[in-house]
Amino acid sequence: MARPASERVIAGRDSTIGRVSRVWYTAAMLDARYVTDHLDEVRASLARRGPGAAHLLDDVAPLAVSRRELIVALDALRAQKNEVSASLAKLDKKGEEFLRARDAMKVVGEQTKSLEVRLAAVEAELEDKLLNIPNLPHETAPDGTSEADNPVVRVWGEKPELAFAPRDHVALGEALGILDFERGAKISGTRFTVLRAHGARLERALMSFMLDVHSNEHGYEEIWPPVLIKDSAARGTSQLPKFAKDMFKLERFEEGEGARTLYLAPTAEVPVTNLHADEILEGAALPIGYTAYTACFRSEAGSHGRDTRGLIRQHQFDKVELVRFVTPETAMAEHAKLTSHAEAILEKLGLHYRTIELCSADLGFASRKTFDLEVWLPGQDAYREISSCSWFGDFQARRAKIRFRREAGAKPELVHTLNGSGLAIGRTLVAILEQYQQADGTVRIPEVLVPYMGGVRVITPKAR
RNA sequence: GGAGAGCUGGCCGAGUGGUCGAAGGCGCUUGAUUCGAAAUCAAGAGUGCCCGCAAGGGUACCAAGGGUUCGAAUCCCUUGCUCUCCUCCA
């Protein structure tokens with residue numbers, strides 16, 4: 001058992017099941033076989049997410065059983081059909097023997113058809129159940145019942161000492177003429193904002209800065225993906241079927257059946273993770289890291305009244321994302337690495353933040369383990385999420401069919417996927433405004449951004 | 001938007017109703033040969049699902065879905081995608 005430390009931690013409880021080599025990294029969701037074979041364990045794990053979560057498992061086992069029974073019966077019928085068909089090929093097509101056998105096979109064909117229909121129904125129902133079951137929390141994810149139980153993992157920097165009452169980014173941005181909320185609302189409605197002048201420039205500077213750091217220093221390949229996505233992609237990363245209402249759905253103004261629904265990507269995670277959907281990667285190519293800027297679109301259904309002021313919660317915002325495809329045994333270490341890449345951006349910008357870990361109750365649907373980076377906002381007197389770094393195990397990989405082969409000829413295995421914001425650009429801009437504000441209402445530009453700002457060191461009110 | 005052509009295994013490419021999971025070539029893996037390599041020769045390689053302790057067996061998959069048929073890669077329909085020409089467009 002000379003595995004690296006990270007693997008041993010992952011193995012943990014799973015290895016007590018036996019079949020160590022195959023099972024110890026299996027996160028298991030959507031694997032009907034694993035769920036039915038380890039029902040109690042899966043139920044216990046889901047229960048950590050909160051009361052009720054385990055009920056999602058109801059009916060899964062019986063459905064899986066009847067699925068298997070139907071397959072056994074169907075395969076037998078098909079085997080019979082194949083066998084008889086082969087002999088029919090050699091017979092005289094007008095002979096009596098042929099005609100008799102043909103009529104007999106008609107019956108078999110009808111039986112086959114009816115079993116196929118039943119199987120399809122059972123599989124659809126089973127899949128529907130499985131798609132709506134969240135991932136199992138990793139055993140190292142802390143227990144908890146609400147976000148209040150999220151432990152602080154580390155803190156970087158200190159709250160800036162301001163010798164004056166800090167203003168929030170809304171006041172600062174409006175006074176500086178760089179954030180125009182009114183006109184954003186006029187054009188597009190609530191939760192849309194117009195960035196102007198040095199505000200617009202700062203947004204662009206942050207985008208370039210983040211992409212440069214991740215591609216030059218952290219080894220990520222830069223990706224510029226489509227942001228209109230098909231439902232199959234959204235399904236792969238698990239925005240669908242459960243979270244359809246969080247996305248903007250586009251209908252084409254077209255008649256006919258060819259008109260296809262597309263969604264506005266809520267995050268670059270969707271197109272970038274799906275880059276390798278339905279692929280078998282070479283083990284030697286792992287880990288693969290991609291970084292991508294995209295605009296992100298969220299309907300924010302269900303968050304009426306929250307963060308209505310300012311840039312914090314927008315229907316459209318900018319984000320640089322990090323995505324990694326890794327082997328199961330390196331996943332935990334890779335997760336820590338990815339988190340550090342996001343943290344590096346905040347540190348280079350000199351922004352005080354803390355890292356928390358989400359407890360089992362606060363974990364996202366697809367995630368087994370998540371670190372959130374929370375940046376300090378003096379104007380709100382609070383830490384606010386600016387990045388979320390998650391390890392999905394093989395959950396997304398199973399949905400999107402992203403696999404790898406350890407070596408030529410080896411059985412394909414599911415990869416593990418990771419992603420994290422690196423960072424949310426709008427919120428970074430907010431943090432800069434609030435942490436770098438000065439008594440006179442001007443805002444200094446972090447040193448690393450000055451080149452990206454064309455030499456501008458301080459944002460001052462625009463002379464009108 | 002109009003007209004046409006096409007989608008076969010990692011790649012190229014045969015195959016127009018019956019032992020076709022699919023010829024052939026390239027690539028790949030293993031073995032032989034070699035001091036090594038190249039070349040050559042031989043053998044072997046797809047993916048999912050189901051049964052099985054295993055060995056192994058069964059089944060499905062020729063863009064996707066549906067249909068015809070005893071039987072479909074081959075015929076029909078629908079959809080998607082690719083390519084060519086025209087049109088339009090950043």
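Predicted model, so just to flag it, every value in this text is computed and none were measured. Per chain, numbering begins at 1; letters A, B, ... match sequence-line order.
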Exercise. Which of these passes salt bridge (charged side-chain N to carboxylate O under 4.0 Å, His left out) with A/K369: A/E334, A/E357, A/E139?
Worked result: A/E357
Exercise. What nucleic acid atoms does A/R403 come within less than 4.0 Å of, heavy atoms only: base, sugar-phosphate, or nothing?
Worked result: sugar-phosphate
For this session: Quote, to the nearest angstrom, the P distance that separates B/C86 from B/G18.
Result: 42 Å
For this session: Decide if atom CD of A/E279 counts as having more than 12 heavy atoms of other residues, nucleotides or ligands within a radius under 6.0 Å.
Result: yes
Problem set entry | B/U40 - base-pair partner by Watson-Crick or wobble geometry, distances under 3.5 Å | B/A32
Problem set entry | Minimum-distance nucleotide to A/R33 side chain [options: B/C51, B/U47, B/C70] | B/C51
For this session: Please check the phosphate of B/C50 (OP1 and OP2 only) for any side-chain N or O of A/R67 closer than 4.0 Å.
Result: yes
Seminar exercise, completed: Re B/A73: Watson-Crick or G-U wobble partner, both distances kept under 3.5 Å, found to be none
Exercise. If we take the C1' atom in both B/G80 and B/A64, what is their distance in whole Å?
Worked result: 7 Å
Problem set entry | Euclidean distance, atom CG of residue A/D37 to atom P of B/C50 [Å, nearest integer] | 10 Å
For this session: Verify whether one side chain among A/R324 and A/Y220 offers a donor that lies under 3.5 Å from an acceptor in the other.
Result: yes
Problem set entry | Those residues of residues 69-83 of chain A lying under 4.0 Å from RNA chain B by at least one heavy atom | A/I71, A/V72, A/D75, A/R78, A/A79, A/N82
Exercise. At under 4.0 Å between heavy atoms, what does A/K411 touch on the DNA or RNA strands: base, sugar-phosphate, or nothing?
Worked result: sugar-phosphate
Exercise. For B/U59, what is the paired nucleotide under Watson-Crick or G-U wobble rules, both distances under 3.5 Å?
Worked result: B/G48
Exercise. If we take the P atom in both B/U47 and B/G9, what is their distance in whole Å?
Worked result: 14 Å
Exercise. With under 30° as parallel and over 60° as perpendicular, where do the rings of A/H218 and A/H341 fit, or are they tilted in between?
Worked result: parallel
Exercise. Centroid-to-centroid, A/H416 to A/F392, below 6.0 Å?
Worked result: no
Seminar exercise, completed: Picking from B/C70, B/G48, B/C51, the nucleotide nearest the side-chain atoms of A/P412 would be B/G48
Exercise. B/A39: syn or anti, with syn meaning chi within 90° of zero?
Worked result: anti
For this session: Using the C1' atom as the reference point in each nucleotide, state the distance between B/U87 and B/G2 in Å, no decimals.
Result: 7 Å
For this session: Determine the interatomic distance between C1' on B/C62 and the same-named atom on B/G21; round to the nearest Å.
Result: 9 Å
Problem set entry | Base partner of B/A3, which must satisfy Watson-Crick or wobble distances under 3.5 Å | B/U84
For this session: With a 3.5 angstrom cut-off on both distances, give the Watson-Crick or G-U wobble partner of B/G17, or none if there isn't one.
Result: none
For this session: Please determine, by modelled atom types, if A/E300 and A/S303 share a side-chain donor-acceptor pair under 3.5 angstrom.
Result: yes
For this session: Look at atom CD of A/E217 and say whether more than 12 heavy atoms of other residues, nucleotides or ligands are closer to it than 6.0 Å.
Result: yes
Exercise. Just by distance, with hydrogens left out, do A/T267 and A/K319 show a side-chain donor and acceptor under 3.5 Å apart?
Worked result: yes
Seminar exercise, completed: When rounded to whole Å, the CD to P distance for the pair A/E127 and B/G48 reads 17 Å
Seminar exercise, completed: Rounded to whole Å, the CE-C1' distance (A/M105 to B/U68) equals 17 Å
For this session: Under the ring-ring contact (aromatic ring centres under 6.0 Å, His included) rule, what do A/F404 and A/F325 come out as? Steps first, then yes or no, please.
Result: CA-CA 10 Å; A/F404 76 104; A/F325 301 83; over 10 Å; no
Exercise. Taking any strand in view, what nucleotide pairs with B/U68 in a Watson-Crick or G-U wobble way, both distances under 3.5 Å?
Worked result: none
For this session: Can you tell me, in whole Å, how much space there is between the C1' of B/A14 and that of B/C26?
Result: 15 Å
Problem set entry | Pairing partner (Watson-Crick or G-U wobble, both distances under 3.5 angstrom) of B/C11 | B/G25
For this session: Could you give the distance separating B/C7 and B/G48 at their P atoms, to the nearest angstrom?
Result: 27 Å
Problem set entry | Short side-chain N/O contact from A/R405 to OP1 or OP2 of B/A45, under 4.0 Å | no
Exercise. Quick one: which of B/U47, B/C70, B/C50 gets closest to the side chain of A/F98?
Worked result: B/C70
